[in-house]
Amino acid sequence: MEDLLYAQVYDWGNLLLAHRRAAKGKRGKEPAARFEYHLEDNLVTLQIELRDQVYRPGPYSSFYIHEPKHRLISAAPFRDRVVHHALCNVIEPIFERSFIYDSYANRVGKGTHRALDRAQEFARRYRYVLPCDVRQFFPSIDHATLRGILARKLHDPGVMCLVDRILESGAGVLSDEYQMVYFPGDDPSTASGQGLFAANRPRGLPIGNLTSQFWANCYLNPFDHFVKRELRCPGYVRFVDDLLLFGDDKGQLWDRKVAAVERLAGLRLTIHDECAQVRPTTEGLPFLGFVVYPHKRRLKRRKGVAYALKFRGLVRDYAAGRLPLDRVTASVQGWANHAGYGDTLGLRRAVLSSVPLPAR
């Protein structure tokens, strides 16, 4: 009997929607344009491969970015990105209902600015905050653990088979970015063995996949509920691997840190311990490129300096005829809109007036 949930993945209407979402903002790029040139044929081929369960993901192309931090981005072929959207279109609503309200990354109606608003709301309400940042988050995600979390809600063998194919395609992509961490029960003396212990299991989700972004929320969802239900932390915000725990009792927050570290170890994750220090909210909280205070918000200094340098480069390229004005305008508007979510009027004026835009 055909698996009804899996049939929704390769439904023609779902594949058309998946293509539209995968191509958004990328139609001018060669991989998307080439796929769209023979759109119907390509979608029919994907539909048959998915229906017959013979679909195999292609190889990734990888490159580094350096802002906001040094990261290896691994991009799947465009046809695979269509499949990722097709899968997420079907399974995302199943998990969305179980996510806590204060998880803000890669969710409709959430995002960076709402996370900042919520963090500031809690900063006004509570005296202290414990910020935690997961180390090597995407390279550390354990495939067996993630698969178990997904399988608890996805009972369709066809869907889980596709999940396995996508997971397998990303195994090892971030292996050079991972520094081995051993947890209780691991045996370091057998670290070069044949995968008999958890330390040797496949790990890592390629940064850049839609599935990776969505599965990251699924992976930390049990931890979110642990913080809210077992630690009973009323002020909690998570954006991907950045966690904020608020409270009025400093000692209680330190105890919550110990419990959180222990629970994260069960997911084979660790935190940057030196940054996870309880501090008064009045001192300012670095979060998502801003420093959040109870009644004001500042852009991080390095963010302002970085854009000032970029803006000078844009002006030079425009003056030399290497860049059209609309590209400069789009960059300026994008940065100004983002910076505008803080108390940055003076900064924006200083940066954008530092280099005059020459007439051409």
Side-chain angles (χ1 to χ4, degrees), residues 65 67-74 95 99-100 102-107 110-112 115-116 118-119 129-150 167 170 173-184 186 198-199 201-209 211-228 230-231 233 235-246 253-279 285-290 292:
I65 62 170
E67 183 63 29
K69 61 178 74 171
H70 184 75
R71 292 179 185 227
L72 178 66
I73 304 297
S74 300
F95 286 89
F99 292 158
I100 67 168
D102 285 316
S103 167
Y104 286 89
N106 308 303
R107 296 177 64 194
K110 300 290 185 176
T112 304
L116 286 164
R118 188 65 159 168
V129 61
L130 169 66
C132 299
D133 176 21
V134 178
R135 295 178 65 246
Q136 310 177 95
F137 178 49
F138 282 95
S140 299
I141 292 177
D142 180 72
H143 287 195
T145 302
L146 173 61
R147 193 187 187 283
I149 291 170
L150 297 177
L167 276 176
V173 168
L174 292 177
S175 57
D176 291 341
E177 307 300 305
Y178 181 75
Q179 296 179 343
M180 178 59 74
V181 177
Y182 293 105
F183 295 89
D186 294 344
R201 293 198 301 241
R203 68 174 70 86
L205 295 182
I207 303 174
N209 277 5
T211 48
S212 298
Q213 297 165 22
F214 171 59
W215 288 342
N217 276 344
C218 297
Y219 198 77
L220 282 177
N221 189 45
F223 176 79
D224 293 340
H225 285 279
F226 166 75
V227 172
K228 298 295 289 184
E230 296 187 42
L231 297 187
C233 183
Y236 173 67
V237 176
R238 179 172 68 81
F239 191 93
V240 192
D241 57 342
D242 287 322
L243 323 170
L244 304 177
L245 287 76
F246 293 85
L253 281 178
W254 282 116
D255 291 340
R256 285 171 174 165
K257 175 185 174 180
V258 173
V261 167
E262 183 179 348
R263 181 56 62 102
L264 287 170
L267 295 170
R268 306 193 63 79
L269 299 175
T270 59
I271 63 172
H272 288 99
D273 188 68
E274 66 280 3
C275 299
Q277 307 294 319
V278 177
R279 65 178 74 183
L285 168 65
F287 186 53
L288 302 180
F290 290 82
V292 178

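Not measured: the values here are computed from a predicted model. Note that the numbering runs from 1 along the sequence shown for the chain. We use all heavy atoms of the structure for the numbers below, so side chains are in, but hydrogens, waters and symmetry mates are not.
Here the closest non-hydrogen pair linking L253 and V278 is CB-CG2, 3.8 Å. Heavy-atom minimum distance, F137 versus A216: CE2-CB, 3.6 Å. Nearest heavy-atom pair across A119 and V292 is C-CG1, 4.4 Å. The minimum heavy-atom distance between S140 and L269, with the atom names listed, is CB-CD2, 3.7 Å. What you find for P131 and L285 is that their closest heavy atoms are CB-CD1, 4.0 Å. Between V181 and Q136, the shortest heavy-atom distance links the atoms CG2-NE2, 4.2 Å.
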> So I271 and V261, side-chain contact (heavy atoms from CB on, under 4.5 Å) or not? Walk me through it.
Replying inline: CA-CA 7 Å; I271 63 172; V261 167; 3.7 Å; yes

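Partners of F95 under the ring pair (Phe, Tyr, Trp, His ring centres under 6.0 Å) rule, at least two apart in sequence or in another chain, are F214. Every residue was checked against the ring pair (Phe, Tyr, Trp, His ring centres under 6.0 Å) condition with Y219, not counting sequence neighbours, and none meets it. Under the side-chain hydrogen bond (donor to acceptor under 3.5 Å, both in side chains) criterion, R238 pairs with S103, N217, D224, sequence neighbours left out. Here R107 pairs with E96 under the side-chain hydrogen bond (donor to acceptor under 3.5 Å, both in side chains) rule; sequence neighbours left out. With sequence neighbours left out, T270 forms a side-chain hydrogen bond (donor to acceptor under 3.5 Å, both in side chains) with R135. For E230, the salt bridge (Lys or Arg N to Asp or Glu O under 4.0 Å) partners two or more places apart in sequence, or in a different chain, are R263. Shown here are the salt bridge (Lys or Arg N to Asp or Glu O under 4.0 Å) partners of D255, two or more places apart in sequence or in another chain: there are none. Scored by the salt bridge (Lys or Arg N to Asp or Glu O under 4.0 Å) test, R256 finds no partners at all (sequence neighbours excluded). Scored by the ring pair (Phe, Tyr, Trp, His ring centres under 6.0 Å) test, F138 finds no partners at all (sequence neighbours excluded). Legend: residues meeting side-chain hydrogen bond (donor to acceptor under 3.5 Å, both in side chains) with K110, ordered by chain and number and at least two apart, are absent.
Checked by atom type and distance alone, the side chain of S212 never pairs as donor or acceptor with a backbone atom of I207 at under 3.5 Å. In this structure a side-chain-to-backbone donor-acceptor pair under 3.5 Å is present from K257 to A276.
In summary, the side chains of D176 and Y178 do not present any donor paired with an acceptor at a separation below 3.5 Å, with no hydrogens or angles considered.
No side-chain heavy atom of T112 sits under 4.5 Å from any side-chain heavy atom of Y104. Counting heavy atoms from C-beta on, the side chains of L243 and Y236 come closer than 4.5 Å.
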For residues 142-150, which side-chain N or O atoms pair as donor and acceptor with protein atoms under 3.5 Å away, sequence neighbours left out?
unit_1	atom_1	unit_2	atom_2	d
D142	OD1	R201	NE	3.2
D142	OD2	A144	N	3.4
D142	OD2	T145	N	2.9
D142	OD2	T145	OG1	2.8
D142	OD2	R201	NE	3.3
D142	OD2	R201	NH2	2.8
H143	NE2	G204	O	2.8
R147	NE	D164	OD1	2.7
R147	NE	D164	OD2	3.3
R147	NH2	D164	OD2	3.1

